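Just below is one structure, and these are the notes that go with it.
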Amino acid sequence: MSNKGGLDLFIKYNKGKKSEIKTENKEINKQENLKKQDNKQKEAQNKKVSNKVKVNEEVKDVDQALLLSVDYDGKSKLAFCRLYDLKTQSIIFWFDNTGHKPYLLTDLSIEELDSKYQKIREHRGFLEYQPIKKYDLIIDKPKDMVKIVADDPLSVGGSRNSIRELIKDHHFESAILYHRSYLYDQHLIPGMLYYIKGGDLRPVKIEIPEDIKNELEDAFKNEKHEFRYELPKYLELFFSPIPSIKRIAFDIEVKSIINKIPDVTAAEDSVICISFVDSEGMKKIYLLEDHNLKDEEREGLKKIDAIIEFYKDEKELIEKAINLVNEYPIVITYNGDNFDIPYLMNRAKKLKIPDNKIPFVRHRDSYSLTKGIHLDLYKFFFNRAIQVSAFSNAYKTMSLESVSSALLKEGKIEIEEEIFDLSYDKLAEYCLQDSELTYRLTSFDNDLVMKLLIILMRITKLPIEDISRSGISNWIKNLFYYEHRYRNYLIPNPNYISQVKSQAATKAIIKGKKYMGAKVIDPVPGVHFNVVVLDFASLYPSVIKEWNLSYETVNCPHKECRTNLIPNTPHWACTKRVGISALLIGLLRDLRVKYFKNKAKDKSLSPELRNLFKIVQASMKVIINAAYGVFGSEIFPLYCLPMAESTSAIGRYAIEQTIKKVESMGLKVIYGDTDSVFIENPTKEQIKELIDWSNKVLGIELDVEKTFRFSAHSTRKKNYLGVYKDGNVDIKGLSGKKRNTPLFVQNAFKEMINVLSKVNRPEEFEQAKKEIKHIVKNVFKKLKNYEYTPEELAFRVAITKPIDKYTVLPQHIKAAKILKDKKGVEIGKGSIIYYLKTRDPAGVQPLELANVKDIDIDKYKETIESTFEQVLDALDIDFDEIKGKKTLDKWM
DNA sequence: GCGGACTGCTTACCT
DNA sequence: ACAGGTAAGCAGTCCGCG
């Protein structure tokens with residue numbers, strides 16, 4: 001890469017000194033010298049000096065501190081870091097002492113700027129022009145540019161009077177937040193260890209164990225040098241120690257007399273209880289004193305395993321609480337951005353607690369702390385990439401209850417009363433429990449979540465607050481921006497790529513989608529014995545790497561690459577330069593597949609090391625899994641439709657070729673979806689042949705993913721049942737497993753699966769059929785006799801948007817409206833409504849109001865029928881036969 | 001003015 | 001605010017029909 005116009009252009013930044021731009025252009029140098037007399041710059045330089053003295057003189061030397069975040073301080077006009085000092089277990093601040101300044105880039109020359117854009121020099125924040133060479137990947141050429149340096153970020157962009165507004169269409173990198181830009185330029189990596197000496201911040205050197213280094217170098221020995229070159233840098237990210245961070249979780253309860261979620265802005269009700277749980281084992285409850293406490297409430301309070309402190313007045317309680325919280329480097333909440341912190345803050349203001357004693361800072365949609373870091377776990381677990389890739393969909397809704405019961409295997413204590421009429425001791429207990437669960441969500445499995453956050457920070461270069469609050473596209477954007485700067489590549493303006501490369505060549509199957517996606521093979525209906533499922537190991541990332549796909553390499557500017565066509569499309573891929581996405585995504589994929597994934601399972605390693613590998617591979621998985629998707633998403637600043645389209649087109653090509661190969665070997669493909677093929681009864685040799693073929697011809701790893709004793713397919717795609725050799729069952733897409741299916745149907749379905757899992761040979765299906773018949777008959781009988789509870793009969797459907805945004809009136813929304821009208825209970829976006837199908841005109845009743853006797857038995861029968869049919873179809877059993885109705889052949 | 005065919009909306013799932 | 005593909009149930013509309 002270095003001799004291809006990449007790294008050689010990189011200008012090394014000297015920490016602790018003012019950065020110098022080297023240029024061969026003597027003319028420009030002269031201009032620079034002239035400029036140095038510019039008063040503004042002198043002023044700026046003076047400021048720098050005074051700032052350095054002011055802010056960093058008192059910074060003591062620190063041996064080891066974990067970089068948590070980088071921010072900008074408007075008062076001192078400096079970027080600063082928050083670090084966690086391992087020795088004192090507290091937050092320390094480090095302010096920039098390198099004289100780094102905000103800037104934007106332009107493709108205009110200084111001459112043009114001075115002749116046509118004089119207003120820039122007159123701008124209040126203007127400091128200087130600096131010529132700079134950047135590398136433009138899209139045209140694959142170096143580019144002479146000018147850096148416009150300003151005194152503060154707002155002068156660069158973000159207001160109507162910013163410099164960038166003066167050079168519309170000619171500004172670059174101007175929308176990057178200053179503290180991010182600073183982080184990129186200084187090569188700071190959040191989540192890594194630093195030390196401070198003589199006021200300067202430097203990375204702690206990481207030693208990678210020799211044997212690991214050798215193993216990895218060996219695993220990568222056949223890769224292109226561009227990939228090998230990156231290896232050491234990435235290894236540091238994964239082998240730098242992950243310290244445990246001192247932290248506290250808290251939760252508040254508010255007094256209210258009605259069953260309503262308290263109004264955060266008004267903050268009218270008193271805060272009566274605040275609980276705390278910290279990483280040192282402390283549990284505390286602050287309670288507002290109530291003189292009417294009953295004896296049993298006093299007794300109840302005594303039983304709680306926590307230090308309880310009573311406060312006479314609410315102001316004191318809140319003051320004490322915010323003081324306590326403010327001592328911690330990390331403060332954890334569950335939905336604290338939307339409730340606990342704003343409520344506490346507004347309440348504190350109402351009680352006339354002076355602003356300088358309130359350590360909360362309000363942002364557009366979050367709250368931070370003046371000193372420490374606020375982590376809102378609700379937002380972290382809400383992140384789809386985390387939910388799906390890291391926790392494999394273990395929790396389906398984002399409530400503290402559902403996340404903790406899935407991850408901690410322990411939900412909340414059941415409370416029978418509504419929160420507003422809980423007794424005092426129960427309220428305290430309930431409050432403490434929330435803090436405890438919140439804390440434990442960060443501590444379970446050896447601090448898994450904290451470690452995950454830290455590794456993700458290292459990979460994405462994002463501060464901890466951003467990792468926990470922003471989505472995957474922001475993560476990948478930041479990773480890519482960092483790597484662009486690192487290599488001195490020009491970061492393309494958002495929309496620029498899509499203006500150049502936006503034409504889709506394929507048509508999506510789904511209306512409204514932009515391009516064609518994956519291929520799904522029509523299943524061969526029936527039961528198939530000894531089915532081997534082969535799948536490509538992370539297909540799309542492999543495709544991106546092997547075919548060198550990237551926003552700049554797909555439809556690159558070189559004539560000679562045009563013949564390197566992407567199958568099923570008119571697009572081509574570059575043959576001259578390794579694409580940045582191919583490099584970064586390929587590297588993460590390779591590290592995961594070739595090393596960390598296997599090592600995470602290697603029993604010969606120590607549990608600690610295995611645990612590290614587990615977390616590293618999970619973090620990589622999160623990034624890799626989303627890497628293809630973001631390039632097909634308009635909101636992603638490096639959005640490139642042809643690249644996304646090429647990726648899925650090659651994916652289709654790979655699976656199509658594989659099917660052809662399988663069939664040419666005389667084998668039968670039963671089913672396949674995107675990256676998998678189900679093969680009926682292949683020999684070991686045949687499997688090996690296929691795997692070798694794929695490696696050699698497609699350049700993509702094909703693995704045996706699973707082997708079924710038998711798999712049962714109807715004609716439906718994404719819908720099958722597979723029984724492993726050991727009797728375990730894989731159920732995919734079947735209604736019986738869907739969350740919204742009533743429990744009584746789910747349970748009957750489970751019984752049927754249980755019967756099927758015991759089938760070993762085709763002959764045994766006759767017996768299974770009889771048992772299934774019995775199950776269904778029994779369900780029908782119980783249904784008719786109203787033997788099921790309303791809970792068992794309820795459909796449970798998520799409300800995915802505000803009630804008034806629905807264009808039609810689906811049943812679950814009808815039920816929600818009835819519940820609101822009749823009971824005043826509001827169920828909004830993000831929650832799940834429970835309802836029964838009834839015979840009244842509305843056709844539905846919310847669970848709370850439903851009577852089992854009113855249910856629409858025919859509707860329920862249909863549900864049972866369709867749920868069972870999906871499996872029975874596969875077994876070639878007619879549902880009517882199961883129901884006991886006489887089938888045609890019995891009449892004859 | 002009624003019913004079946006059809007389209008579109010919504011949710012939950014698969015990769 | 002990562003992508004597209006599939007199934008299922010229901011709401012609403014269109015069209016034909018003396």
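Protein chains get the first letters and strands the later ones, always in sequence-line order, with residue 1 at the start of each. Remember, it's a predicted structure, so these values are computed and weren't measured experimentally.
- Here A:Tyr720 reaches the OP1 or OP2 of B:dT15: one of its side-chain N or O atoms lies under 4.0 Å away.
- Closest contact between the side chain of A:Pro810 and the listed nucleotides B:dT10, B:dT15, C:dG4 involves B:dT10.
- Between A:Ile731 atom CD1 and B:dC14 atom P the separation is 10 Å, expressed in whole Å.
- Within 4.0 Å (heavy atoms only), A:Tyr806 reaches sugar-phosphate atoms of the nucleic acid but no base atom.
- Taking the six-membered ring for Trp and the full ring otherwise, the centers of A:Tyr720 and A:Tyr671 sit less than 6.0 Å from each other.
- B:dT15 atom C1' lies 8 Å from atom OH of A:Tyr671, rounded to whole Å.
- One finds a side-chain N or O of A:Arg716 lying less than 4.0 angstrom from the OP1 or OP2 phosphate oxygen of C:dA8.
- Aromatic rings from A:Phe780 and A:Tyr860 are positioned such that their centres are separated by 6.0 Å or more.
- The side chain of A:Ile510 lies closest to C:dT6, out of B:dG8, C:dC10, C:dT6.
- In this structure, of C:dA7, C:dG5, C:dC10, it is C:dA7 that holds the atom nearest to the side chain of A:Asn719.
- Rounded to a whole Å, the NZ atom of A:Lys718 is 13 Å from the P atom of C:dG4.
- Annotation: A:Phe678 is in aromatic contact with A:His713 [ring centroid separation under 6.0 Å].
- The side chain of A:Lys801 lies closest to B:dT10 when the candidates are B:dC13, B:dT10, C:dA1.
- A 6.0 Å sphere centred on OH of A:Tyr806 holds more than 12 heavy atoms belonging to other residues, nucleotides or ligands.
- Atom CD1 in A:Ile799 sits about 10 Å away from atom P in B:dA12, given to the nearest Å.
- At whole-Å resolution of the value, CD1 in A:Ile386 and C1' in C:dC2 are 13 Å apart.
- Residue contacts shown for A:Leu539 are absent, as no nucleic acid heavy atom lies under 4.0 Å away.
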